[in-house]
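Take a look at the structure set out below.
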There are 2 protein chains.
Amino acid sequence: MAADGFELQAQLFRALSHPVRLQILNVLARTEACVCHLNAALNRPQPYVSQQLATLREAGLVSDRREGTLIYYRLADGRIAGWLERGRELVKNGDGNPIPFPPAPPEVVPHCPCPHCQR
Amino acid sequence: MAADGFELQAQLFRALSHPVRLQILNVLARTEACVCHLNAALNRPQPYVSQQLATLREAGLVSDRREGTLIYYRLADGRIAGWLERGRELVKNGDGNPIPFPPAPPEVVPHCPCPHCQR
DNA sequence: CGAATACGTGCAATAGTTGGAATATGCAAG
DNA sequence: CTTGCATATTCCAACTATTGCACGTATTCG
């Protein structure tokens, strides 16, 4: 309960200190997505994706919306995407500085059953 | 070696996911400081401060400069302070939203032997 | 040289994170 | 109510971080 600002800010950063969670946020930066979409886009087991989403949700970074059996996730705050993007500029690569960021995954993912991919 | 951008970015966030390290960066955001100054300003044992500084140094967030027996630390990149400041706007406090950030420590700290405080 | 001061490092006990597997829940259709 | 699908939670072993403390290193001064 004695959580001062630094402790809260540290909790936010802890939620961000995981490559798969950053990958998820990278997908959500362009569009909301259901769990099955992230499951297919990241090629990770569904319970694993759900766990990371729970961490992001508890940190207040994403929010969710149910639509039938699907649950769509999106960034909780419009400023998050731009802030993360600016954070990338600060990443250094050991000796040199070029930052090998993988391309964002395609918006339509094969074998994803969600309405957004089935068209 | 198989460190993609997300892994590197996660390492950056991991270095930031600690309240004492955030406190150190908060001091360094206004001025460079020697270890003994941080030691006094944060009221933490010197080896403990050194360890946190080592973590920040390995993450590329701070750089250091020796001057006699003192070692001065500063933010490694001018954009870091502003980016951290903007990150605070995203911190939510459980239910409500007000963010109780402690005030920045004073520039001159009692019992600090560094030239900046002895005047 | 030796002593004093400012920092850094190594170690060990404790605590927290990770990621896979099994299982549980919640909704819709039949 | 049962089945089936989408998603969530729980459990657990391996791994990693935290933090206090003793000791090591580097620089200056006498």
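Reckoned from all heavy atoms, side chains included, excluding hydrogens, waters and symmetry mates. A note on names: the letters A, B, ... follow the listed sequences, proteins ahead of strands, and every chain is numbered from 1.
- Looking at B:Arg66 and B:Tyr72, their side chains never bring a donor and an acceptor atom within 3.5 Å of each other.
- Within the 4.0 Å cut-off from OP1 or OP2 of D:dT19, at least one side-chain nitrogen or oxygen of B:His18 is found.
- Atom CD in A:Gln51 sits roughly 12 Å away from atom P in C:dA21 (whole-Å rounding).
- Distance B:Phe13 CZ to D:dT16 C1': 20 Å, rounded to the nearest Å.
- Atom CD1 of A:Ile71 and atom P of C:dG26 are 11 Å apart (whole Å).
- Atom CG in B:Leu42 sits about 13 Å away from atom P in C:dC7, given to the nearest Å.
- Aromatic ring pairs are classed by plane angle as parallel below 30°, tilted from 30° to 60° and perpendicular above 60°; the pair A:Trp83 and B:Trp83 is parallel.
- Residues B:Leu16 and B:Leu84 are in side-chain contact: their nearest non-hydrogen atoms beyond the backbone lie under 4.5 Å apart.
- Between A:Thr69 and A:Thr55, the residue anchored nearer the 5' end of DNA chain C, judged by the nucleotide with its closest heavy atom, is A:Thr55.
- Among the nucleotides C:dC7, D:dC21, C:dA22, the one closest to any side-chain atom of B:Pro47 is D:dC21.
- Contact annotation: B:Tyr48 reaches the phosphate of D:dT19 (side-chain N/O to OP1 or OP2, under 4.0 Å).
- What separates CD of B:Glu67 from C1' of C:dC7 is a distance of 15 Å, to the nearest Å.
- In this structure, a donor-acceptor pair under 3.5 Å is absent between the side chains of A:Gln51 and A:Thr55.
- Here A:Tyr73 reaches the OP1 or OP2 of D:dA8: one of its side-chain N or O atoms lies under 4.0 Å away.
- Close to D:dA17, at under 4.0 Å from its OP1 or OP2, lies a side-chain N or O of B:Arg14.
- Side-chain nitrogen and oxygen atoms of B:Arg66 include none within less than 4.0 Å of the OP1 or OP2 phosphate oxygen of D:dA26.
- Rounded to whole Å, the distance from NE2 on A:His116 to P on D:dA6 is 17 Å.
- Among the protein residues, A:Arg21 comes within range of the sugar-phosphate backbone only, with heavy atoms under 4.0 Å from sugar or phosphate atoms but none that close to a base.
- In terms of polar N and O atoms assigned as donor or acceptor, the side chain of B:Gln46 never comes within less than 3.5 Å of the base of C:dA6 in a complementary pairing.
- Contact annotation: A:Ser50 side-chain N/O to D:dA8 OP1/OP2 distance is under 4.0 Å.
- Rounding to whole angstrom units, CD1 of residue B:Ile24 and P of D:dT18 are separated by 12 Å.
- Between A:Arg65 atom CZ and C:dG26 atom P the separation is 20 Å, expressed in whole Å.
- Taking 4.0 Å as the cut-off between side-chain N and carboxylate O, B:Lys92 and A:Asp77 count as a salt-bridged pair.
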